[in-house]
Amino acid sequence: MPQAIAETIFDVFYLSFALTAGLTMLFKGSDPLVKKAGLMAALLGAGDSFHLIPRAYALWTTGLEANAAALGIGKFITSITMTLFYLILYYIWRDRYQIKGQKPLTASMWGLSALRIALCLLPQNQWLSYRQPLLPGILRNIPFSVMGILIIFLFAQEAGKAKDSVFRFMPLAVALSFGFYLPVVLFSRTAPAVGMLMIPKTMAYVWIVHMGRKLCKQT
């Protein structure tokens, strides 16, 4: 029960923040860059709600294993929306720093996104199972991790060059999100306590959304 209370409170605040910030920027922002940040944040909150709401329900009722199918579907949806999250963040990078051309880079980001989604669609993932196999989880996160590395490098390069006070910590926030997430992918089956790293991972995403909100003050 303490776990159910703590997780539910945390998730309510997180989802409320992401959705409120995202929808506000999306529908009230006048600048296209702000709208992209709003879409990114709203997609984050909407996608995560498919996983976190069933998880809260499971914790308060019959447990995680008894609700494996709902949790698996939510995890699948979140995997797709997080892929789109980073694709949108790439276009925010392009707009923020007025990047022109770079067709190979754009094609790479789209290709990695398509590969990640295709890997998520494979039946070998066994999304409806409580204990999902490790290998598909590793494989589908390889293109996702490459996307993250590219985003870290791109923002580090341009934010530093432009002395951008809004996104100067974006590389760190993205690096932290992956740094907390990947150990969960690799070790949560053998060491369930590692799953607690999802909390600081989520806070890294809150930080990313907060940076997006700062754009509103510049328009």
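Note that the structure is a prediction, hence the values are computed from the model and not measured. Residues: numbered from 1 along the sequence shown.
- Looking only at side-chain heavy atoms (C-beta outward), Arg116 and Ser79 come within less than 4.5 Å of each other.
- The structure places CG of Leu112 at 11.0 Å from CD1 of Ile117, a figure rounded to the nearest 0.5 Å.
- One finds the CG atom of Leu26 at 11.5 Å from the CG atom of Leu19 (value rounded to the nearest 0.5 Å).
- Between the side chain of Asn125 and the backbone N or O of Leu119 there is at least one donor-acceptor pair closer than 3.5 Å.
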Query raised in the report: Taking it one step at a time, do Leu176 and Leu172 satisfy side chain to side chain contact (heavy atoms under 4.5 Å, CB included)?
Result: CA-CA 6 Å; Leu176 287 173; Leu172 177 59; 4.0 Å; yes
*Check against salt bridge (Lys or Arg N to Asp or Glu O under 4.0 Å), Arg96 and Glu158*: CA-CA 9 Å; Arg96 179 66 172 175; Glu158 295 299 331; over 6 Å; no
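- Met198 and Val12 fall into different hydrophobic clusters, where Ile, Leu, Val, Met, Phe, Trp and Tyr residues are linked whenever their side-chain heavy atoms come under 4.5 Å apart, directly or through other members.
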Exercise for review: For Arg55 and Leu71, run side chain to side chain contact (heavy atoms under 4.5 Å, CB included): C-alpha distance rounded to whole Å, both residues' side-chain angles, the deciding distance at 0.1 Å, then the answer.
Suggested key: CA-CA 6 Å; Arg55 182 176 173 86; Leu71 292 170; 3.7 Å; yes
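- For Arg94, the side chain to side chain donor-acceptor pair (under 3.5 Å) partners are Tyr90, Thr106, not counting sequence neighbours.
- Looking at heavy atoms from C-beta onward, Thr61 lies in side-chain contact with Asn67 at the 4.5 angstrom threshold.
- Within the structure, no pair that satisfies the ring-ring contact (aromatic ring centres under 6.0 Å, His included) test touches residues 13-47, not counting sequence neighbours.
- Residues satisfying the side chain to side chain donor-acceptor pair (under 3.5 Å) test with Thr8, not counting sequence neighbours, are Trp60.
- Across Val184 and Gly195, no two heavy atoms sit closer than the pair CG2-CA, 4.3 Å.
- Listed by first and then second residue, the ring-ring contact (aromatic ring centres under 6.0 Å, His included) pairs involving residues 177-202 are Tyr86-Phe178, Phe144-Phe178 (not counting sequence neighbours).
- Residue Phe155 holds its CZ atom at 8.5 Å from CH2 of Trp93, rounded to the nearest 0.5 Å.
- In terms of heavy-atom proximity, Ala41 sits nearest to Gly22 at CB-CA, 3.6 Å.
- Taking both residues in full, the closest heavy atoms of Lys214 and Val166 are given as CB-CG1, 4.0 Å, listed atom of the first, atom of the second, then distance.
- Considering every non-hydrogen atom in both Ser145 and Leu182, the closest pair reads OG-CD2, 3.6 Å.
- With hydrophobic clusters built from ILVMFWY side chains whose heavy atoms lie under 4.5 angstrom apart, Ile208 does not share a cluster with Ile149.
- With a 6.0 Å radius and a threshold of 12 heavy atoms from other residues, nucleotides or ligands, Arg140 has its CZ atom above the threshold.
- Leu115 is not connected to Met109 by any chain of hydrophobic side-chain contacts under 4.5 Å among Ile, Leu, Val, Met, Phe, Trp and Tyr, and they are in different clusters.
- In this structure, the separation between NE2 on His51 and OG on Ser49 is 11.0 Å, given to the nearest 0.5 Å.
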What verdict does the side chain to side chain contact (heavy atoms under 4.5 Å, CB included) test give for Leu215 and Phe167, after you've listed the backbone C-alpha separation in whole Å, the side-chain angles of each residue and the deciding distance to 0.1 Å? CA-CA 9 Å; Leu215 292 171; Phe167 288 142; 3.9 Å; yes
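- Taking every heavy atom of both residues into account, Gly45 and Ala18 meet most closely at CA-CB, 3.9 Å.
- Contact annotation: the side chain of Tyr205 never approaches that of Val209 to less than 4.5 Å [non-hydrogen atoms, C-beta and beyond].
- Applying the side chain to side chain donor-acceptor pair (under 3.5 Å) test to Gln132 and every residue at least two apart in sequence or in another chain returns Lys75.
- Every residue two or more places apart in sequence or in another chain that forms a ring-ring contact (aromatic ring centres under 6.0 Å, His included) with Phe76 is listed here: Trp127.
- Linking ILVMFWY residues whenever their side-chain heavy atoms come closer than 4.5 Å, directly or via other members, places Phe153 and Tyr97 in the same cluster.
- Thr81 places none of its side-chain heavy atoms less than 4.5 Å from the side chain of Phe50.
- Using a 4.5 Å cut-off on side-chain heavy atoms (C-beta onward), Trp110 and Leu105 make no contact.
- Note: Met82 CE to Ser113 OG = 11.5 Å, rounded to the nearest 0.5 Å.
- The line from CD1 of Ile53 to CG of Asp11 is 9.0 Å long, rounded to the nearest 0.5 Å.
- Looking only at side-chain heavy atoms (C-beta outward), Met40 and Ile92 come within less than 4.5 Å of each other.
- Side-chain atoms of Leu122 and Pro136, non-hydrogen and from C-beta on, never get closer than 4.5 Å to each other.
- Atom OH of Tyr57 has 12 or fewer heavy atoms from other residues, nucleotides or ligands within 6.0 Å.
- Counting all heavy atoms, side chain and backbone alike, Ala204 lies closest to Ala173 at CB-O, 3.6 Å.
- When side chains are defined from C-beta on, Leu59 counts as touching Leu64, because their heavy atoms get closer than 4.5 Å.
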Test side chain to side chain contact (heavy atoms under 4.5 Å, CB included) on Lys35 and Met25 and set out the steps.
CA-CA 6 Å; Lys35 287 186 175 295; Met25 287 188 286; over 6 Å; no
